[in-house]
There are 2 protein chains.
Amino acid sequence: MTSGKQRGRLSREVLVRRALAVADREGLDAVTIRRVAGDCGVTPMALYWYFRDKEQLLAGIAEYLFEQVQMPSTDNAPWDAQLMAVLSALLTVLRQHSSVAGLIAGYVLSSEAGLRVTERVLGLLRDGGFPPGQAAVTCTQLVAIIALITGPPGPDRTLEPQACESAVRARLAGLSALDPARFPSVIAAAAPLARRDDDQRYYRSVLQMLVGGAHAMAAQLAERGCGTQRQLGVPEG
Amino acid sequence: MTSGKQRGRLSREVLVRRALAVADREGLDAVTIRRVAGDCGVTPMALYWYFRDKEQLLAGIAEYLFEQVQMPSTDNAPWDAQLMAVLSALLTVLRQHSSVAGLIAGYVLSSEAGLRVTERVLGLLRDGGFPPGQAAVTCTQLVAIIALITGPPGPDRTLEPQACESAVRARLAGLSALDPARFPSVIAAAAPLARRDDDQRYYRSVLQMLVGGAHAMAAQLAERGCGTQRQLGVPEG
DNA sequence: ACCTGAACACCGTTCAAGT
DNA sequence: ACCTGAACACCGTTCAAGT
């Protein structure tokens with residue numbers, strides 16, 4: 001694709017950004033040692049100077065994404081509002097690179113930049129009254145969920161808006177044709193289900209549910225032992 | 001691996017189950033047309049009689065998983081308790097096949113069994129007071145989150161418990177060696193962060209956060225417009 | 001209807017060699 | 001230090017053919 005022949009052009013960061021560009025345009029599966037090398041006008045084997053193997057290249061992408069997160073500075077807003085802001089910052093970066101968003105969950109604890117986010121979230125949960133162990137669990141889950149919910153909607157990640165719109169129409173037709181006796185709620189919600197709007201509403205809604213859930217957990221932890229709060233059990237697996 | 005030479009042994013379901021077994025033992029990347037064919041003692045091309053391409057094989061796995069979900073029968077428990085039960089049933093199936101859990105998010109609306117779960121969740125959210133559009137969004141998010149949070153923890157999905165335990169120790173050592181001035185919360189939470197316990201607590205906690213969040217949203221929707229409830233905003237992306 | 005066989009265009013990676 | 005080149009063991013998939 002885009003090439004160039006100057007020497008000394010290559011570096012870890014250049015390769016990571018090239019790989020990210022490929023992923024953004026054509027999906028994660030298109031990120032290939034040979035493809036990235038070709039885009040850089042270089043032999044596949046050249047990449048092995050900078051990365052031990054392909055997994056290290058992917059780890060490089062994940063780390064790069066964490067570095068792009070612009071965390072808001074600490075203020076004296078309530079802990080849940082601050083948590084919302086931090087998760088929003090993460091979400092903002094991942095939305096722009098949704099095909100690789102799923103990668104970062106595995107590198108939260110192994111990259112410097114990922115640890116910065118973790119440190120911040122842990123601190124906010126502690127402010128909310130979470131005991132350390134519970135905070136760790138919840139923090140892991142929050143970051144993973146943000147990462148994954150932003151990720152690829154499925155195997156039909158066609159990037160052309162044209163094809164996307166016709167896929168929506170096809171799916172809408174499929175849902176509308178269902179048996180109304182068996183799937184009344186699905187049919188009633190067919191339009192918003194099929195559309196999968198990538199808009200503000202979708203993301204605002206996840207964040208509210210997550211932070212709302214964390215808030216509810218904090219309240220429950222505060223009055224621990226009191227039997228007035230209904231306990232929701234999960235059956236043994 | 002295991003082979004057998006009888007005729008007529010092959011079918012969509014047999015192949016799907018063979019593929020799932022491979023995924024469970026060696027991860028999703030090991031699921032390969034050639035590998036599944038080999039396990040069935042058959043030529044790779046034989047699979048193309050039952051599946052148009054590899055994606056259809058994966059879709060078959062996803063559908064099979066939805067069929068395994070044993071949804072609790074409707075009773076007159078509160079909507080959020082019932083929602084917890086449905087999500088638990090989904091979680092129970094996916095926990096046993098964590099390497100493929102990430103697949104199902106893309107097939108919720110395209111498989112009969114997936115639609116059954118969707119129908120149920122939509123109905124419960126409506127009982128909780130969600131308007132149709134919001135219910136659709138939240139339903140999609142809930143199922144996707146359950147699927148993805150159960151999924152592969154990252155690239156280090158070593159399945160041998162021996163290697164897993166030593167990986168935990170290594171990560172623990174790494175976290176403990178961090179600068180205490182910069183990462184005090186991470187260091188304090190090092191043990192639960194590194195361990196990544198797959199136990200009851202982890203999953204109970206996600207479900208509580210999610211259902212607690214849905215509950216909070218429902219309450220907010222009920223008193224819509226009233227300014228007493230603090231509104232958490234998400235910045236523009 | 002159900003499966004085989006050869007072939008094609010791809011992968012990641014090793015090993016040895018060039019500059 | 002940084003990159004090339006040939007080779008190996010894998011992929012998914014097409015096309016034609018067998019029974």
Side-chain angles (χ1 to χ4, degrees), chain A residues 1-20 22-23 25-62 99-100 103 106 152 154-158, chain B residues 1-20 22-23 25-62 99-100 103 106 152 154-158:
Chain A
M1 287 271 168
T2 17
S3 60
K5 295 282 175 182
Q6 317 92 301
R7 280 278 165 180
R9 207 171 24 83
L10 241 49
S11 69
R12 266 187 81 99
E13 179 165 348
V14 165
L15 290 168
V16 163
R17 292 169 70 167
R18 253 332 199 269
L20 185 55
V22 171
R25 270 176 295 150
E26 305 172 38
L28 189 54
D29 290 348
V31 175
T32 262
I33 296 274
R34 296 177 116 105
R35 168 64 190 276
V36 174
D39 276 18
C40 292
V42 105
T43 270
M45 289 316 300
L47 296 220
Y48 284 84
W49 180 255
Y50 301 93
F51 304 97
R52 190 164 37 75
D53 53 17
K54 190 186 175 182
E55 192 188 305
Q56 288 302 306
L57 173 62
L58 298 179
I61 296 179
S99 72
V100 285
L103 275 182
D156 43 304
R157 44 183 133 164
T158 63
Chain B
M1 286 275 169
T2 15
S3 61
K5 295 281 174 181
Q6 318 90 301
R7 280 275 164 181
R9 208 172 22 84
L10 240 51
S11 70
R12 266 187 81 98
E13 180 165 347
V14 165
L15 290 168
V16 163
R17 292 169 70 168
R18 248 337 196 267
L20 184 56
V22 172
R25 270 177 294 151
E26 304 172 39
L28 189 54
D29 290 348
V31 176
T32 262
I33 295 275
R34 296 177 115 106
R35 168 64 191 276
V36 174
D39 276 18
C40 293
V42 106
T43 270
M45 289 315 301
L47 296 220
Y48 284 85
W49 179 257
Y50 301 94
F51 303 97
R52 190 166 35 74
D53 52 17
K54 189 185 176 184
E55 191 188 305
Q56 288 303 305
L57 174 61
L58 298 179
I61 297 179
S99 72
V100 285
L103 275 183
D156 40 303
R157 43 184 135 164
T158 63

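So that the names make sense, note that chain A is the first sequence line, chain B the second, and so on, each numbered from 1. What you are looking at is a predicted structure, and each value in this text was computed from that prediction instead of being measured.
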Distance in Å, A:L20 CG paired with A:I61 CD1, rounded so as to fall on 0.5 Å steps: 6.0 Å
- prompt: What is the distance from CG of B:L57 to P of D:dC11, rounded to the nearest Å?
  reply: 14 Å
query: When you check the phosphate oxygens OP1 and OP2 of D:dC3, does a side-chain N or O of A:Y50 lie under 4.0 Å from one of them?
result: yes
field: Side chain of A:R34 - closest among D:dT13, D:dC3, D:dA7
entry: D:dA7
query: For the pair made of CG in A:D53 and P in C:dC11, what is the distance, rounded to whole Å?
result: 17 Å
- prompt: Among C:dG12, D:dT4, C:dG5, which nucleotide sits nearest the side chain of A:I33?
  reply: C:dG12
task: Grab the CG-P distance between B:D29 and C:dG12 for me, whole Å please.
output: 12 Å
message: My understanding is that a pair needs two contacts under 3.5 Å, Watson-Crick or G-U wobble. By that rule, which nucleotide pairs with C:dC8?
response: D:dG12
query: Of the nucleotides C:dC2, C:dT4, D:dG12, which one has an atom closest to the side chain of B:T43?
result: C:dT4
query: Given that both distances must come in under 3.5 Å, which nucleotide forms a Watson-Crick or G-U wobble pair with D:dT19?
result: C:dA1
query: Considering only side-chain heavy atoms of B:A46, which listed nucleotide, D:dG12, C:dC3, C:dG12, is closest?
result: C:dC3
query: Would you say A:T43's side chain and A:A46's backbone share a donor-acceptor pair under 3.5 angstrom?
result: no
message: Measuring only the P atom in each nucleotide, how far is C:dC2 from D:dA16? A whole number of Å is fine.
response: 22 Å
- request: Mind checking the CG-CG spacing from A:L57 to A:L47? Nearest 0.5 Å is all I need.
  value: 7.0 Å
message: With a 4.0 Å limit, can you tell me whether B:T32 has a side-chain N or O closer than that to the phosphate oxygens OP1/OP2 of D:dC10?
response: no
field: Length of the line joining A:R9:CZ and D:dC3:C1', which is rounded to integer Å
entry: 12 Å
- prompt: Between A:K54 (NZ) and C:dT13 (P), how many Å, whole number?
  reply: 8 Å
- request: Find the distance between CG (A:L10) and OH (A:Y50) and round it off to the nearest 0.5 Å.
  value: 4.5 Å
message: Looking at D:dT14, I'd like to know if its phosphate oxygens (OP1 or OP2) sit under 4.0 Å from a side-chain N or O belonging to B:Y48.
response: no
task: Would you kindly give the CG-to-P distance between A:L47 and C:dT14, to the nearest whole Å?
output: 14 Å
field: Nearest-0.5 Å distance that lies between atom CZ in B:R17 and atom CZ in B:R12
entry: 14.5 Å
message: With a cut-off of less than 4.0 Å, is there a side-chain N or O of B:W49 near OP1 or OP2 of C:dC2?
response: yes
field: Which residue lies more 5' along DNA chain D, comparing B:M45 with A:P44 via nearest heavy atoms
entry: A:P44
- prompt: What is the distance from CZ of B:R35 to P of D:dT13, rounded to the nearest Å?
  reply: 18 Å
